[in-house]
There are 2 protein chains.
Amino acid sequence: MFDYTEDMKEKLSFFNERQQKITEMVDKSGSLRVADLSKQFNVSEETIRRDFEKLEAQGLLNRIHGGAVRIEQKSEIPIPKRRAKNIEEKEMIAAKAASYVEDGDIIAMDASTTTLIMTKYIKGKSLTVITNSIGVSLEFAQESDIRVILIGGYLAESSMSLVGNFAERVIQDYHVDKFFFSCLGVDFKRGVSEIHEDQALVKKQLISISEELFLLADYSKFGEKSLFRLCDITEADYLITDNKVPINTIRELNNLGVTGIVGEKSD
Amino acid sequence: MFDYTEDMKEKLSFFNERQQKITEMVDKSGSLRVADLSKQFNVSEETIRRDFEKLEAQGLLNRIHGGAVRIEQKSEIPIPKRRAKNIEEKEMIAAKAASYVEDGDIIAMDASTTTLIMTKYIKGKSLTVITNSIGVSLEFAQESDIRVILIGGYLAESSMSLVGNFAERVIQDYHVDKFFFSCLGVDFKRGVSEIHEDQALVKKQLISISEELFLLADYSKFGEKSLFRLCDITEADYLITDNKVPINTIRELNNLGVTGIVGEKSD
DNA sequence: GGGTAAAATGTTCGATTATACAGAAGATAT
DNA sequence: ATATCTTCTGTATAATCGAACATTTTACCC
């Protein structure tokens, strides 16, 4: 006889009851502490951390030191802010990155502030540039020796860039010598990550057709991790950063086979 | 010994959450003081400064002596300006054409002066717009109810538009209700023609996926013919022109099944 | 039912992180 | 200018984390 009892549905839950509860709790209260949950559920703190790890991977919460917080789902419209400040570091990084661009290169550039700054250092060269940034293409529009390919897509107002899955089909036909891109976080374990899924998609595509990867990340990016993983840190060939990054970090990079480069003040 | 009660501490806020709160607070009030926040969150001033440092690096606020302020943002994308001949006629045509755009439409617009002018008459509507014109997309960038799809391609500097054969692959997936486009020549025998091959290609593609065709042509276009044929004149559903066109021409159009429409002065 | 592989959980410990504190250097106001 | 407030720098410390390994629980198969 079949006996559909309560027990059966328990089995079917794809994550355990505790994780389910944690998800509800974080949605309700906004933040949770590892220590608290450990006591509350009568399990070790490690277990709670492993729960967090899984839930984070599923995009159900964000981990922070000491606990976890609810994911704020507001990134659609209200943050056109990501620009401006630590211009100084970005300027250094951009100038350094530009020095790796050679005549005849086919390069790709993402839609970040740093690459936008980069444009002024590589004007005058003879290049093919693939990008999804309207700003970058406008900068090169007047340059007769630079051929610009703008990847099509939905216009993301906040970053003035183009995103969307149909870039995929187009990008695959191209070969790129050097891809210059930024990210939201660089973490030795979690790799290179980005907060916006659509930007992440485009970058991943560009990564897949590029021979050399130049990751541009100022000091504030180190140790940060965000939801969407672009690639492993070791996949990058060069990581260009600024002089606020500890020398040990650079050493560690070099040990991993990533050429860590520190930009210098040029002005 | 200290004698503080639970409510004094209110320290469920840990690292990330505090930074998040600070971001909200600075957006709301415009400015914050280090000393105030230090008391409010029950952490040392150094901690608040480090928070500021990180948030500043992310471009979420600006630091000042003693505190931090909201960052005021200006658009850094230059809006391309255009000058053209027959502005008056084009204005009339554009306004008329815009009156055919309805809420909910999926429209396509080419990279002509007339469609660029058109944009100002259809702002505020709720639309999906497919275009290969950077100018058109920039005009709509701030419009929250307009979803812009920019067709990718090589950047043609002269017209600030995108051309190239890979538009084909992408365009085919879409359906367009109304396509608004211009041309170089309209001739009853030779049809609608264009001088630039690459622009012609994109327009042909858009024509093939569009239900209704709105051809925008001022009086100077009639009788002109150019190298690349876009379509037969009878394929257009509407032809919007100006009052310098002889009334006989309009009649002839109507006889061919094309609704000839004359724009009027609106100012 | 017993055996076994896989998954979940616990334990330990070195590494990392957030934070406080103190003193020097810098900025501001009177 | 000088007194005061703010910031920066380095150091110390406690909490927290992550990795490796040990143990338990669960699932599955014969």
Side-chain angles (χ1 to χ4, degrees), chain A residues 7-22 31-58 61-69 85-86 88-89 185-191 219-225 232-233 242-253 255-256, chain B residues 2 4 8-22 31-57 61-69:
Chain A
D7 318 19
M8 285 203 68
K9 76 175 185 192
E10 282 295 333
K11 281 188 183 176
L12 293 181
S13 61
F14 52 99
F15 49 37
N16 65 42
E17 199 177 341
R18 189 182 54 246
Q19 292 179 355
Q20 170 91 46
K21 272 233 172 70
I22 291 177
S31 65
L32 299 173
R33 304 193 59 102
V34 173
D36 291 348
L37 290 182
S38 170
K39 279 185 213 131
Q40 209 164 325
F41 287 107
N42 228 39
V43 294
S44 75
E45 303 200 340
E46 271 311 305
T47 302
I48 298 296
R49 286 193 196 99
R50 281 186 274 247
D51 286 343
F52 281 173
E53 199 174 347
K54 266 186 195 143
L55 295 174
E56 185 185 43
Q58 293 178 43
L61 50 75
N62 277 333
R63 295 188 67 183
I64 61 176
H65 202 90
V69 293
K85 227 30 196 177
N86 61 340
E88 221 169 273
E89 285 79 18
V186 180
D187 188 87
F188 279 93
K189 283 156 200 160
R190 298 291 184 81
Y219 73 98
S220 72
K221 309 289 174 63
F222 282 87
E224 293 292 316
K225 39 220 173 215
D232 219 51
I233 205 168
D242 58 78
N243 50 21
K244 284 194 184 170
V245 172
I247 188 71
N248 279 343
T249 306
I250 306 290
R251 286 213 191 93
E252 198 167 349
L253 280 172
N255 286 341
L256 287 171
Chain B
F2 273 84
Y4 49 74
M8 262 191 83
K9 298 173 70 174
E10 203 221 314
K11 62 170 302 198
L12 54 119
S13 53
F14 30 107
F15 166 66
N16 231 345
E17 202 186 1
R18 187 182 55 242
Q19 292 186 358
Q20 195 166 317
K21 274 227 173 79
I22 291 177
S31 67
L32 298 173
R33 316 217 76 230
V34 174
D36 292 347
L37 290 182
S38 170
K39 279 184 214 133
Q40 207 164 328
F41 287 107
N42 219 42
V43 296
S44 76
E45 303 198 342
E46 279 70 24
T47 302
I48 298 296
R49 287 191 196 101
R50 277 182 283 252
D51 287 344
F52 281 175
E53 190 180 356
K54 211 141 210 190
L55 295 174
E56 184 183 45
L61 51 75
N62 278 332
R63 297 185 65 181
I64 57 172
H65 206 87
V69 293

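Order of the sequence lines fixes the chain letters, A, B, ..., with proteins taken first and strands second; residue numbering starts at 1 for each chain. Please read all numbers here as calculations on a predicted model, not as lab measurements.
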Item to check | Side-chain touch A:Glu46/A:Arg50, heavy atoms, less than 4.5 angstrom | outcome: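 SC-SC contact between A:Glu46 and A:Arg50 confirmed.
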Checklist entry - With side chains defined as the heavy atoms from C-beta onward, is the minimum distance between A:Phe41 and A:Glu17 less than 4.5 Å? => result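 The answer is no, as the side chains (C-beta and beyond) never meet within the 4.5 Å cut-off.
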Would you kindly give the [atom1]-to-[atom2] distance between [X] and [N], to the nearest whole Å?
X	N	atom1	atom2	value
B:Asp36	D:dC5	CG	P	14 Å
B:Arg33	D:dT4	CZ	C1'	13 Å
B:Phe52	D:dT7	CZ	C1'	13 Å
A:Asn42	D:dT24	CG	P	17 Å
A:Asp187	C:dT16	CG	P	11 Å
B:Lys39	D:dT6	NZ	C1'	14 Å
A:Ile64	D:dC17	CD1	P	9 Å
B:Asp51	C:dA18	CG	P	10 Å

Going by side-chain hydrogen bond (donor to acceptor under 3.5 Å, both in side chains), name the residues that satisfy it together with [X], two or more places apart in sequence or in a different chain.
X	answer
A:Asp187	none
A:Arg251	A:Asn248
B:Ser44	B:Thr47

Item to check | Any residue meeting salt bridge (Lys or Arg N to Asp or Glu O under 4.0 Å) with A:Arg18, in chain and number order, not counting sequence neighbours | outcome: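 A:Asp51.
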Next on the checklist: Angle between the end axes of the helix from C:dG1-D:dC30 to C:dT30-D:dA1, five pairs per end, to the nearest 10 degrees?
Outcome noted: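 Here the helix ends are tilted 40° relative to one another.
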Item to check | Contact residues, residues 43-50 of chain B to DNA chain C [heavy atom, < 4.0 Å] | outcome: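 Close to the strand are B:Val43, B:Ser44, B:Glu46, B:Thr47, B:Arg50.
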Next on the checklist: To check you understand the geometry: which heavy-atom pair defines the closest contact between B:Gly67 and B:Phe52, and what is its length?
Outcome noted: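 So the minimum-distance heavy-atom pair works out to C-CE1, 3.7 Å.
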Checklist entry - Can you list the steps and then say if B:Leu61 with B:Ile22 is a side-chain contact (heavy atoms from CB on, under 4.5 Å)? => result CA-CA 9 Å; B:Leu61 51 75; B:Ile22 291 177; 4.2 Å; yes
Item to check | Of all pairs that satisfy salt bridge (charged side-chain N to carboxylate O under 4.0 Å, His left out), the ones with a partner from residues 32-45 of chain B, not counting sequence neighbours | outcome: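 Listed once each, the pairs are B:Glu45-B:Arg49.
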Which pairs, protein N/O on one side and nucleotides 24-29 of chain C N/O on the other, fall under 3.5 Å?
none

Checklist entry - Taking the side chain from A:Asn62 and the backbone from A:Val69, do they hold a donor-acceptor pair closer than 3.5 Å? => result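 Such a contact is absent between A:Asn62 side chain and A:Val69 backbone.
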Checklist entry - Would a distance-only check, ignoring hydrogens and angles, find a side-chain to backbone donor-acceptor pair under 3.5 Å from B:Ser38 to B:Val43? => result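 Yes, because the side chain of B:Ser38 sits within donor-acceptor range (under 3.5 Å) of the backbone of B:Val43.
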